[in-house]
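These notes are about the structure you will find just below.
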Amino acid sequence: MAIEVEQKFAIENMDSLRRRLSELGAEFSSPVEQVDLYFAHPARDFAHTDEAFRLRREGEANWFTYKGPKLDRTTKTRHEIELPIAAGEARARQAVELVTALGFRQVMAVRKQRRHSTIEWQNGQVTVALDEVEELGAFIELETVTSLERIDAAREAIESLVEKLGLANAERRSYLELLLARPTGGT
């Protein structure tokens, strides 16, 4: 079972953070647009169960992602399943048609520009994402994928990198939750 260990932070000075990450070996990709279309389950309230189901589009690539409930109170550690589907806009529309026919309801699209990198940290790889999220601003996500047996070591590695970067005030809510929590969210 793949377990995602992640921490996310709002960022005020992206250039300064990018320089600190470069000093640690990060080489960032050009920005890519990601559009995440979130769905509500027909019989379960994902807001109550702390789950998420989305279709992500990045360029021509499409994939479904399921995220299970968070496993702790400080990080965004959770079971994650990603399933690539056929590429292209037509296939994405068919995927939406399929899950809608099964009773899922579209909730909201989250749009962002993302720059990717990975860095070696404490005998493992940490994926770094620098995001500019429409209507929310700039964020950094630090993530590693591990097994159940290695969750503690993965959390310690992420927390150590957070400390090294001088990040504070982790944000446990998803971008969807942040958008829905705004006074105009969901309208």
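Throughout, numbering of the chain's residues begins at 1 and tracks the sequence.
Crowding of Arg150 atom CZ: a count of heavy atoms from other residues, nucleotides or ligands under 6.0 Å not exceeding 12. Counting heavy atoms of neighbouring residues, nucleotides and ligands inside a 6.0 Å radius, atom CZ of Arg91 does not exceed 12 of them. Counting non-hydrogen atoms of other residues, nucleotides and ligands closer than 6.0 Å to CG of Asp15 gives a total above 12.
To the nearest 0.5 angstrom, Tyr38 atom OH is 14.5 Å from Phe104 atom CZ. Once rounded to the nearest 0.5 Å, the distance linking CZ of Arg78 with CD1 of Ile151 reads 13.0 Å. With values rounded to the nearest 0.5 angstrom, Leu179 atom CG is found 11.0 Å from Arg111 atom CZ. Going from atom CD of Glu132 over to atom CG of Leu130 covers 8.5 Å, rounded to the nearest 0.5 Å. Rounded to the nearest 0.5 Å, atoms CG (Leu17) and CD1 (Ile140) are 4.5 Å apart. Taking CZ of Arg172 as the reference point, atom CG of Leu178 lies at 12.5 Å (rounded to 0.5 Å).
Contact of the Leu55 side chain with the Thr65 side chain is not registered, since no non-hydrogen atoms from C-beta on lie closer than 4.5 Å. In this structure the side chain of Ser22 never reaches within 4.5 angstrom of the side chain of Glu27, judged on heavy atoms. Proximity of Val110 to Glu134: side-chain heavy atoms (C-beta onward) are nowhere separated by under 4.5 Å. Residues Val145 and Ile3 are not in side-chain contact: their nearest non-hydrogen atoms beyond the backbone lie 4.5 Å or more apart.
Both Ile119 and Met14 are members of a single hydrophobic cluster when ILVMFWY side chains are connected at heavy-atom separations under 4.5 Å. Taken together through direct or relayed side-chain contacts under 4.5 Å among Ile, Leu, Val, Met, Phe, Trp and Tyr, Met108 and Phe46 form parts of separate hydrophobic clusters. Val99 and Trp63 fall into different hydrophobic clusters, where Ile, Leu, Val, Met, Phe, Trp and Tyr side chains are chained together by heavy-atom contacts under 4.5 Å.
Arg114 and Ser29 get closest at one heavy-atom pair: O-OG, 4.5 Å. Of all non-hydrogen atoms in Ser160 and Gln122, the two that sit nearest each other are OG-NE2, 3.0 Å. Residues Tyr66 and Gly68 approach most closely at OH-CA, 3.4 Å, considering heavy atoms. Asn62 and Gly88 get closest at one heavy-atom pair: ND2-O, 2.9 Å. Contact record, Pro42 with Leu102: CG-O, 3.9 Å, taken as the closest heavy-atom pair. Of all non-hydrogen atoms in Ala95 and Ile85, the two that sit nearest each other are CB-CD1, 3.5 Å.
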For Tyr175 and Phe139, run ring pair (Phe, Tyr, Trp, His ring centres under 6.0 Å): C-alpha distance rounded to whole Å, both residues' side-chain angles, the deciding distance at 0.1 Å, then the answer.
CA-CA 10 Å; Tyr175 295 137; Phe139 292 83; 5.1 Å; yes

What verdict does the side chain to side chain contact (heavy atoms under 4.5 Å, CB included) test give for His41 and Thr49, after you've listed the backbone C-alpha separation in whole Å, the side-chain angles of each residue and the deciding distance to 0.1 Å?
CA-CA 11 Å; His41 191 280; Thr49 62; over 6 Å; no

Go through Leu142 and Leu165 one step at a time and tell me if the side chain to side chain contact (heavy atoms under 4.5 Å, CB included) criterion holds.
CA-CA 11 Å; Leu142 303 170; Leu165 294 170; 4.3 Å; yes

Going through the checks in order, is the side chain to side chain contact (heavy atoms under 4.5 Å, CB included) test met by Leu161 and Leu167?
CA-CA 9 Å; Leu161 182 55; Leu167 300 170; over 6 Å; no

Does Phe28 form a side chain to side chain contact (heavy atoms under 4.5 Å, CB included) with Val128? I'd like the steps, not just the answer.
CA-CA 9 Å; Phe28 287 94; Val128 180; 3.8 Å; yes

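Between the side chain of Asp45 and the backbone N or O of Ala47, at least one donor-acceptor pair lies under 3.5 Å. The backbone N or O of Ile158 lies less than 3.5 Å from no partner atom in the side chain of Trp121, so there is not a single donor-acceptor pair.
A donor atom on one side chain and an acceptor atom on the other are found under 3.5 Å apart for Thr77 and Thr75.
Sorted by first and then second residue, the salt bridge (Lys or Arg N to Asp or Glu O under 4.0 Å) pairs involving residues 67-76 (not counting sequence neighbours) are Glu4-Lys67, Glu6-Lys76, Asp50-Lys70, Lys67-Glu80, Asp72-Arg155.
Salt bridge status for Lys112 with Glu33: absent, with no side-chain N to carboxylate O gap under 4.0 Å. Contact check on Glu143 versus Lys8 returns no salt bridge, with no Lys/Arg side-chain nitrogen under 4.0 Å from an Asp/Glu carboxylate oxygen. Remark: Asp36 engages Arg56 in a salt bridge, criterion side-chain N to carboxylate O under 4.0 Å.
Applying the side chain to side chain contact (heavy atoms under 4.5 Å, CB included) rule to Glu89 yields the partners Arg57, Arg93; only residues at least two apart in sequence or on another chain are considered. Every residue meeting the side chain to side chain contact (heavy atoms under 4.5 Å, CB included) condition with Ala170, not counting sequence neighbours, appears here in chain and number order: Gln7, Phe9. Judged as a ring pair (Phe, Tyr, Trp, His ring centres under 6.0 Å), and not counting sequence neighbours, the contacts of Phe64 are Phe53. Judged as a side chain to side chain contact (heavy atoms under 4.5 Å, CB included), and not counting sequence neighbours, the contacts of Gln106 are Leu37, Phe39, Val96, Thr100. When the side chain to side chain contact (heavy atoms under 4.5 Å, CB included) test is applied to Ala40, the partners found at least two apart in sequence or on another chain are Arg105, Val107.
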